[in-house]
Number of protein chains: 2
Amino acid sequence: MDRNSISNQLIKNNIKPSYARIKIMEYLIQQKNHPNVDEIYTELVKDIPTLSKTTVYNTLNLFNEAGLIKVITIEENEARFDADTSEHGHFKCENCNKIYDFFVKLEGIEISGLENFKIRQKDIFFKGICAKCINYINNN
Amino acid sequence: MDRNSISNQLIKNNIKPSYARIKIMEYLIQQKNHPNVDEIYTELVKDIPTLSKTTVYNTLNLFNEAGLIKVITIEENEARFDADTSEHGHFKCENCNKIYDFFVKLEGIEISGLENFKIRQKDIFFKGICAKCINYINNN
DNA sequence: AATAAAAATGTAATTATTACAAATATGTAA
DNA sequence: TTACATATTTGTAATAATTACATTTTTATT
Ligand SMILES: [Mn+2]
Ligand SMILES: [Mn+2]
Ligand SMILES: [Zn+2]
Ligand SMILES: [Zn+2]
């Protein structure tokens, strides 16, 4: 997705496509690594020396309320962000702390207890040890 | 579950059953409302005037590491705690902020992308509006 | 160019959590 | 019981993520 289509996507959601907003969205789309606020700020401030962390927070909240991104609360201390709003789960490796995407089909999942509830958002968070770390641990 | 069986459960997990620990576990078992640290502290300090919040944090971390409780990170700002470690999902009403349990059968769920991963914990967090709030909103 | 509105900035405040050292309680051996 | 070692609890300070808010800068419109 290029600058122009990001811009159009923002306009479609009644968000004015300022430079900072486009850059933040662009970063989220390019980086699939579910960055936290500090990572987004530290990376983008290289390009935008005047960027402030508050702007990052404001922008992410704006995007979230518009449904353009998802907030991942898999960790207790900090929020992570994802421009991929399609249905998928997140796995956090407790060894290397990396967050992986995985495919999950929620359609047809058996649940009960939420009759007459309006479900707006579904989050699937798994934790454990990733294959890379298992491999590394086994060979050391 | 009475004091004695709580005590035994702690001993079984190599946790010395101190008064504070038993009371905190007892509170978590009785209250099914997924309290945060402040709620636990505020309620228990009535019975234990010398209780400190640090003890609540220490104890909850101890319980969590032993697998006796689950930490619910459905909210961005604060952790909530659940003594029910059986498989179930959590729903947060964005109107009344209450957290509901719901039944979910994860067995047979279709996932891919975690081949050779060791999954230790599975969390299902849904968000939306609960039936009570929908009803209230409709009648007002 | 003048003006108004929106966006970004910088700083301070808030709040959840952790670190850590001191105090207290507990259990055991003499 | 007393002395001692160990575990637990406490209180305070530090850390760190997030938000509040007033000020400055940018943008769009007349
Ligand atoms: Mn993702
Ligand atoms: Mn629960
Ligand atoms: Zn790993
Ligand atoms: Zn509700």
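Lettering follows sequence order; numbering is per chain, from 1. As the structure is a prediction and not an experimental result, all values here were calculated from the model.
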* Could I get the full list of side chain to side chain contact (heavy atoms under 4.5 Å, CB included) partners for B/Thr85, not counting sequence neighbours? => B/Lys70
* **Set of side chain to side chain donor-acceptor pair (under 3.5 Å) partners for A/Glu110, sequence neighbours left out** => none
* Asked: Whole-Å distance between C/dT18 P and B/Glu78 CD?
  -> 14 Å
* When the distance from CD of B/Glu75 to C1' of D/dA17 is rounded to whole Å, what number comes out? -> 15 Å
* Structure fact -> Across all chains, not counting sequence neighbours, the side chain to side chain donor-acceptor pair (under 3.5 Å) partners of A/Asp2 are A/Ser5
* Structure fact -> With sequence neighbours left out, the residues meeting side chain to side chain contact (heavy atoms under 4.5 Å, CB included) with A/Asn77 are A/Glu75
* To do: Using five base pairs at each end, measure the axis-to-axis angle across the helix from C/dA1-D/dT30 to C/dA30-D/dT1 and round it to 10 degrees.
  => 10°
* State which residues pass ring-ring contact (aromatic ring centres under 6.0 Å, His included) with B/Phe125; sequence neighbours excluded, sorted by chain then number. => A/Phe125
* To do: Round to the nearest Å and state the distance from B/Leu10 atom CG to D/dA7 atom C1'.
  => 15 Å
* Examine D/dA16: is either OP1 or OP2 under 4.0 Å from a nitrogen or oxygen in the side chain of A/Asn77? Give yes or no. => no
* Who pairs with A/Val71 by side chain to side chain contact (heavy atoms under 4.5 Å, CB included), at least two apart in sequence or on another chain? -> A/Asn64, A/Thr73, A/Ala79, A/Phe81, B/Glu76
* Structure fact -> Grouping ILVMFWY residues whenever side-chain heavy atoms fall under 4.5 Å, the cluster of B/Tyr136 otherwise contains none
Return all side-chain donor-acceptor pairs below 3.5 angstrom for residues 95-104 of chain B, not counting sequence neighbours, or 'none' if the list is empty.
| residue | atom | partner | partner atom | Å |
| --- | --- | --- | --- | --- |
| B/Asp101 | OD1 | B/His34 | NE2 | 2.9 |
| B/Asp101 | OD1 | B/His88 | NE2 | 3.0 |
| B/Asp101 | OD1 | B/His90 | NE2 | 3.1 |

Dump the pairs, protein N or O against N or O of nucleotides 3-7 of chain C, anything under 3.5 Å, distances to one decimal.
| residue | atom | partner | partner atom | Å |
| --- | --- | --- | --- | --- |
| C/dA7 | OP1 | A/Arg21 | NH1 | 2.8 |
| C/dA7 | O3' | A/Ser18 | OG | 3.4 |

* Test side chain to side chain contact (heavy atoms under 4.5 Å, CB included) applied to A/Glu87 - qualifying residues, sequence neighbours left out -> A/Leu106
* **Nucleic acid contacts - residues 27-60 of chain A versus DNA chain C, non-hydrogen atoms under 4.0 Å** => A/Thr50, A/Leu51, A/Ser52, A/Thr54, A/Thr55, A/Asn58
* **Salt-bridge present (B/Lys92, B/Glu94; N to O < 4.0 Å)** => no
